[in-house]
Amino acid sequence: MNEVIANFSKLTFNDKVMKERLPKDVYDALKKTIDEGKPLDLSIANEVAAAMKDWAIENGATHFTHWFQPLTGVTAEKHDSFLSFTKSGDIIMDFSGSELIKGESDASSFPSGGLRATFEARGYTAWDPTSYAFIKDKTLCIPTAFCSFGGESLDLKSPLLRSMDALNVQTLRILKLFGKECRRVFPNVGAEQEYFLVDREIYNRRKDLLFTGRTLFGAKPPKGQELDDHYYGSIKIRVSAYMKELDEELWKVGILAKTEHNEVAPAQHEIAPMFSRANLACDQNQAMMEIMRKVAKRHGLTCLLHERPFAGVNGSGKHVNWSISTDDGTNLFAPGDTPESNAQFLLFLCAVIKAVNLHQDLLRISVCSAGNDHRLGGNEAPPAVVSIFLGDELQSILEAIETGKNYDKREKVEINIGVDALPRIPRDSTDRNRTSPFAFTGNKFEFRMPGAAQNISTPVTMLNTALTNVLDEFAGILENAENFNESLNKLIRDTIRENKRIIFNGNGYGENWEKEAENRGLLSFKSTPEAVPHLKDQKNLELFAKYGIFTPTEVKSRCGILLENYVKQVNIETLTMLEMVRSDIQPAAIACCRELSESLIAKHAAGADLPCKAETELLKRVSTLSDRLYDATCSLDEAHKRSENISDIEEKALFYRREIITRMNILREAADELETIVSKALWPFPSYGRMLYVV
Ligand code: ADP
Ligand code: MG
């Protein structure tokens with residue numbers, strides 16, 4: 001067998017392995033849990049644990065860990081070895097069903113946003129049997145949810161699982177109305193991950209990259225991305241070796257990476273694995289980011305996942321492709337070929353349109369982070385305003401339905417949804433509008449606001465929840481309808497009419513759009529500190545409680561944590577900047593002044609009337625900039641000290657946004673200008689040119 005195929009998923013305890021290794025009744029019970037969300041009893045878990053352990057040991061594992069996603073956004077793990085003692089004192093390799101199902105962990109070192117104070121410090125991790133266990137570094141990783149002992153969610157995965165359950169319930173109601181019985185529906189997710197690769201030696205010499213993941217200083221290189229010659233350009237040898245090994249490592253753990261290409265910015269690339277069920281896709285994306293970083297080290301490279309590592313070139317996003325399918329694989333966002341299936345498609349389409357319009361705030365909040373603030377609303381990333389792109393074809397169809405005009409615009413004939421044949425909706429009718437934050441791309445939606453470093457569980461949770469809410473409302477209306485087709489027609493027409501402000505097919509980067517969006521009354525939260533507090537708006541608390549996604553306490557704690565993370569990140573950046581200036585940049589500026597002064601003095605001493613224009617003017621310029629740098633440093637330092645007295649987290653985050661970040665920008669400007677004048681020999685850090693072009 002081909003080696004790649006033989007190794008594919010070698011380190012994943014997937015369906016194939018389960019089928020091979022579990023007794024039939026155990027496999028069937030586990031399958032029911034996976035496919036239908038049925039609870040699993042301990043005797044079954046014991047058998048699964050035993051099989052999992054044997055498989056893991058055969059594949060070189062010595063330890064196991066409950067692998068979970070605390071609110072820091074990264075993954076956490078606590079390793080235990082399989083070794084244990086029998087009563088007679090012999091050493092055995094052991095792993096029980098209860099160890100598989102539940103683990104205890106000290107929750108006190110993970111953010112809980114105040115939940116810890118009211119509840120016990122202990123937390124527990126609970127096995128998510130719907131996401132495959134895998135082996136990493138000789139450790140069996142068991143995907144789990146992480147909760148407090150009171151059952152409050154302390155992670156990003158449990159709300160995602162809850163939202164998948166809620167979406168399932170409401171979608172099944174709708175499908176039933178169309179005469180479809182199925183056992184379960186699932187959201188599917190495929191995440192396109194953007195990243196930068198930089199030479200490790202160069203990276204190690206940049207304190208800002210080391211401490212914060214992005215450059216806090218750096219003058220523009222002579223060549224930026226204006227030529228667009230990197231996009232789909234030929235891949236450099238070192239990068240290509242990296243991509244090859246990355247693929248192999250990902251395949252081993254069952255992540256089907258299939259497309260790789262360069263991105264627009266120099267040194268920027270993208271990888272997109274094949275889509276899978278939402279929770280598995282989110283887990284796999286977390287694992288993938290870790291593997292991307294690790295493999296890079298082996299190639300003398302560093303993989304940067306920050307949303308905006310370099311000013312002046314594109315940032316990195318993570319496009320979340322999202323759709324819903326039934327357990328037999330039917331995609332509910334795929335346009336149909338018959339009037340009936342088209343009617344169902346249109347209903348789901350309208351539900352998504354309404355969900356996005358109604359819950360713009362949640363989608364915006366779901367992508368908030370200090371890093372992503374540098375990306376959203378920048379010139380080349382999606383704008384910070386949420387809107388939907390449908391493409392001309394679909395747009396005309398919706399207009400025809402709304403206005404009662406025939407699609408080809410000749411006659412005014414009402415389209416009777418569910419009865420009349422609609423114009424065929426071509427699969428690839430959507431031209432690629434790269435500027436839209438939320439685009440329909442044929443049979444899925446592509447949410448482009450999430451940032452490259454982000455855990456995508458939250459954006460997917462919000463999409464699921466928003467849609468659940470609308471489907472619930474739609475099901476209520478249609479279930480009580482006297483005439484199904486009539487009500488369906490009215491519902492679709494009304495929904496288009498009432499929610500069309502969210503549809504925008506134009507250029508999202510244009511300045512006009514910002515104005516127009518404002519006129520349409522669309523929300524525009526410019527930054528994390530402005531957006532996040534709205535998570536706990538009354539309507540959201542009610543929404544989350546209604547579908548069992550978050551309790552009000554959980555929502556409030558999450559707001560606090562998001563803002564705390566924001567403040568921590570910007571605080572580290574501030575301290576790093578201050579240090580870089582004081583110990584490296586200011587001394588370089590002063591040394592430069594000294595060199596120039598010494599040259600001037602030497603020339604004067606040489607006696608002859610030598611021309612000194614260059615030295616004199618440069619010395620003036622560098623001295624002025626050096627003073628500006630000094631003043632900007634003092635000003636940042638002073639504001640930073642003031643921030644320490646603010647105890648309210650919302651106020652503090654806003655202070656960071658308004659006072660600290662403004663001062664950071666002023667400081668950077670002075671330093672970047674100095675970099676263009678001070679000699680390379682004196683400048684303490686590798687330039688943008690070296691970071692972006694030496695790989
Ligand atoms: P693009 O042209 O936007 O790059 P691709 O076909 O490469 O589109 O797909 C991008 C991502 O979308 C991949 O991860 C892919 O698996 C995923 N994807 C494709 N179809 C679906 C779907 N129905 N639901 C969710 N994700 C999907
Ligand atoms: Mg795409």
Side-chain angles (χ1 to χ4, degrees), residues 8-9 11-15 34-35 37 67-69 73-75 127-134 136 141-145 155-168 171 184-195 246-247 249-260 270-292 305 317-327 329 331-333 363 366-367 438 441 443-467:
F8 183 72
S9 239
L11 300 180
T12 318
F13 195 72
N14 60 14
D15 191 60
I34 294 173
D35 291 342
W67 189 76
F68 59 102
Q69 297 162 31
V74 296
T75 48
W127 178 35
D128 168 16
T130 61
S131 177
Y132 300 134
F134 59 95
K136 179 176 66 96
C141 297
I142 302 159
T144 53
D155 70 347
L156 299 170
K157 175 172 210 152
S158 32
L160 172 64
L161 294 174
R162 294 170 185 170
S163 75
M164 288 169 69
D165 283 342
L167 182 62
N168 174 56
T171 311
R184 182 147 182 124
V185 298
F186 298 92
N188 291 311
V189 165
E192 300 164 68
Q193 174 81 51
E194 290 179 327
Y195 62 100
L246 177 60
D247 273 349
E249 291 298 315
L250 293 173
W251 292 339
K252 279 189 208 159
V253 293
I255 301 175
L256 189 66
K258 74 176 177 91
T259 45
E260 269 129 63
E270 182 190 284
I271 177 165
M274 179 74 185
F275 71 92
S276 58
R277 287 181 185 175
N279 60 325
L280 182 61
C282 294
D283 283 352
Q284 289 194 334
N285 182 252
Q286 287 297 111
M288 187 172 89
M289 289 194 283
E290 199 181 317
I291 295 170
M292 288 170 80
L305 292 169
K318 180 146 52 193
H319 296 177
V320 173
N321 294 271
W322 172 74
S323 68
I324 300 176
S325 69
T326 60
D327 47 6
N331 180 352
L332 300 177
F333 293 162
L363 297 192
S366 79
V367 298
F438 194 87
T441 49
N443 62 356
K444 59 183 162 71
F445 289 90
E446 186 171 331
F447 187 28
R448 302 199 179 111
M449 293 171 98
Q454 210 186 332
N455 183 314
I456 52 175
S457 303
T458 306
V460 178
T461 301
M462 295 308 174
L463 286 172
N464 292 345
T465 307
L467 184 58

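Residue numbers start at 1 and run along the sequence shown.
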For this session: Output yes when a side-chain donor or acceptor of Thr12 lies under 3.5 Å from a complementary backbone atom of Val253, and no otherwise.
Result: yes
Exercise. Is any side-chain heavy atom of Gln284 less than 4.5 Å from a side-chain heavy atom of Ile291?
Worked result: no
Problem set entry | Shortest non-hydrogen contact from Gln454 toward Ser366 | NE2-O, 2.6 Å
For this session: Taking the side chain as every heavy atom from C-beta outward, state whether Ile456 and Val320 have any pair of such atoms under 4.5 Å apart.
Result: yes
Exercise. Does a side-chain heavy-atom distance below 4.5 Å link Gln193 with Met289?
Worked result: yes
Exercise. How about Gln69 and Asp155: does a side-chain donor come under 3.5 Å of a side-chain acceptor?
Worked result: no
Exercise. Would Phe438 and Phe447 count as a close aromatic pair, with their ring centres under 6.0 Å?
Worked result: yes
Exercise. Are any of the side-chain heavy atoms of Glu446 and Thr441 separated by less than 4.5 Å?
Worked result: yes
Exercise. Going by the angle between their ring planes, with limits at 30° and 60°, are Trp322 and Phe445 parallel, tilted or perpendicular?
Worked result: tilted
Exercise. So Asn14 and Ser9, side chain to side chain donor-acceptor pair (under 3.5 Å) or not? Walk me through it.
Worked result: CA-CA 8 Å; Asn14 60 14; Ser9 239; 3.1 Å; yes
Exercise. If you round to the nearest 0.5 Å, how far is CG of Asn285 from NZ of Lys318?
Worked result: 3.5 Å
Problem set entry | Exercise: identify the closest heavy-atom pair between Met292 and Tyr195 | CE-CD2, 3.2 Å
Exercise. How many angstroms lie between atom CE of Met164 and atom CZ of Arg277, to the nearest 0.5 angstrom?
Worked result: 7.5 Å
Seminar exercise, completed: CG (Asn443) and OG (Ser325) are apart, to the nearest 0.5 Å, by 11.0 Å
Seminar exercise, completed: For Ala257 and Leu250 the tightest heavy-atom approach is CB-CD1, 3.9 Å
Exercise. How many angstroms lie between atom SG of Cys282 and atom CG of Leu160, to the nearest 0.5 angstrom?
Worked result: 5.0 Å
Problem set entry | Identified side-chain contact (heavy atoms from CB on, under 4.5 Å) counterpart of Lys157 within the set Thr75, Thr144, Asp283 | Asp283
Problem set entry | Candidate pair Asp35 and Asp327, rule side-chain contact (heavy atoms from CB on, under 4.5 Å), full reasoning | CA-CA 8 Å; Asp35 291 342; Asp327 47 6; 5.9 Å; no
For this session: Report yes if the side chains of Val189 and Asn321 come closer than 4.5 Å at any heavy-atom pair, otherwise no.
Result: no
Exercise. Does some side-chain heavy atom of Pro273 sit less than 4.5 Å from a side-chain heavy atom of Met288?
Worked result: yes
For this session: For residues Leu167 and Phe186, determine if any side-chain heavy atom of one lies less than 4.5 Å from a side-chain heavy atom of the other.
Result: no
Problem set entry | For the student: nearest non-hydrogen atoms of Glu194 and Leu305, plus distance | O-CD2, 4.0 Å
Seminar exercise, completed: Tightest non-hydrogen contact, residues Gln286 and Trp67, listed as CB-CH2, 3.9 Å
Problem set entry | Lys/Arg N to Asp/Glu carboxylate O, Glu290 vs Lys136, below 4.0 Å | yes
Exercise. To the nearest 0.5 Å, how far apart are CD1 in Ile255 and CZ in Phe134?
Worked result: 7.5 Å
Exercise. Are the side chain of Asn168 and the backbone N or O of Val185 linked by a donor-acceptor pair below 3.5 Å?
Worked result: yes
Exercise. Are Ile324 and Asn188 close enough, and set up right, to give a side-chain contact (heavy atoms from CB on, under 4.5 Å), and what steps lead you there?
Worked result: CA-CA 6 Å; Ile324 300 176; Asn188 291 311; over 6 Å; no
Exercise. Less than 4.0 Å between a side-chain N and a carboxylate O, is that true for Lys252 and Asp247?
Worked result: no
Seminar exercise, completed: Taken to the nearest 0.5 Å, the spacing of Phe275 CZ from Asn331 CG works out to 7.0 Å
For this session: Work out which heavy atom in Ser163 is nearest to a heavy atom in Thr465; give both atom names and the distance.
Result: CB-OG1, 3.8 Å
Problem set entry | Thr130 and Leu280: CA distance, side-chain angles, deciding distance, side-chain contact (heavy atoms from CB on, under 4.5 Å) verdict | CA-CA 7 Å; Thr130 61; Leu280 182 61; over 6 Å; no
